Amino acid sequence: GANHPAWSQPVNLAPLVINEIELIGSRCGNIADALAALASKQVQVEPLITRRGPLDDAPALLDAARRGNIKVLIDHGRRAA
């Protein structure tokens, strides 16, 4: 929240409401545990990538993300295979 003890000052969330901005976020637990799980291959992330493409295709890829693809990756500097 806006008053999280790790933040040095509150965050004004009013512009999100006033400008009707859609905020999409995620919540995670302990980052060290998450990194350890990734490093030990306990978690397979490749199956979560539902679309991938080059920077030139960014508008279409972002549209795909809006339509509910789980994870869309935009690869800078390389063409999709």
Side-chain angles (χ1 to χ4, degrees):
N3 295 316
H4 191 281
W7 295 353
S8 62
Q9 56 186 319
V11 174
N12 180 5
L13 300 176
L16 293 173
V17 175
I18 293 166
N19 297 314
E20 298 182 10
I21 296 172
E22 180 180 0
L23 176 64
I24 301 172
S26 64
R27 175 168 165 66
C28 63
N30 184 310
I31 192 70
D33 292 343
L35 292 174
L38 287 170
S40 66
K41 306 228 187 271
Q42 291 175 318
V43 177
Q44 299 299 316
V45 295
E46 287 291 326
L48 300 175
I49 302 169
T50 54
R51 291 285 305 269
R52 176 182 220 139
L55 186 58
D56 291 344
D57 293 344
L61 293 166
L62 291 173
D63 187 52
R66 280 189 218 86
R67 289 192 320 266
N69 282 269
I70 295 173
K71 178 59 86 179
V72 175
L73 295 182
I74 299 172
D75 296 320
H76 174 68
R78 76 169 214 186
R79 285 268 171 217

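Note that this is a predicted model, so its numbers are computed, not measured. No hydrogens, no waters, no symmetry mates; every other heavy atom, side chains included, goes into these values.
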Student: Taking the side chain as every heavy atom from C-beta outward, state whether Asn69 and Leu61 have any pair of such atoms under 4.5 Å apart.
Tutor: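 In short, these two side chains do not touch, never coming nearer than 4.5 Å.
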Student: Which heavy atom of Ile74 sits nearest a heavy atom of Ala58, and at what distance?
Tutor: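 Taking Ile74 first and Ala58 second, the nearest heavy atoms are CD1-CB, 4.0 Å.
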Student: Can Leu55 be reached from Val72 by stepping across I, L, V, M, F, W or Y side chains whose heavy atoms are under 4.5 Å apart?
Tutor: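 Same hydrophobic cluster.
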Student: Measure the spacing between CG of Leu62 and CG of Asp57 and express it to the nearest 0.5 Å.
Tutor: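 So the CG of Leu62 and the CG of Asp57 are separated by 10.5 Å.
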Student: Suppose clustering is done on Ile, Leu, Val, Met, Phe, Trp and Tyr with side-chain heavy atoms closer than 4.5 Å. Which residues sit in the same group as Ile70?
Tutor: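 Reading the cluster by chain and number, Ile70 sits alongside Leu48.
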Student: Quick check: does any side chain N or O of Asn12 sit under 3.5 Å from a backbone N or O of Ala14, one acting as donor and the other as acceptor?
Tutor: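 Answer holds: yes.
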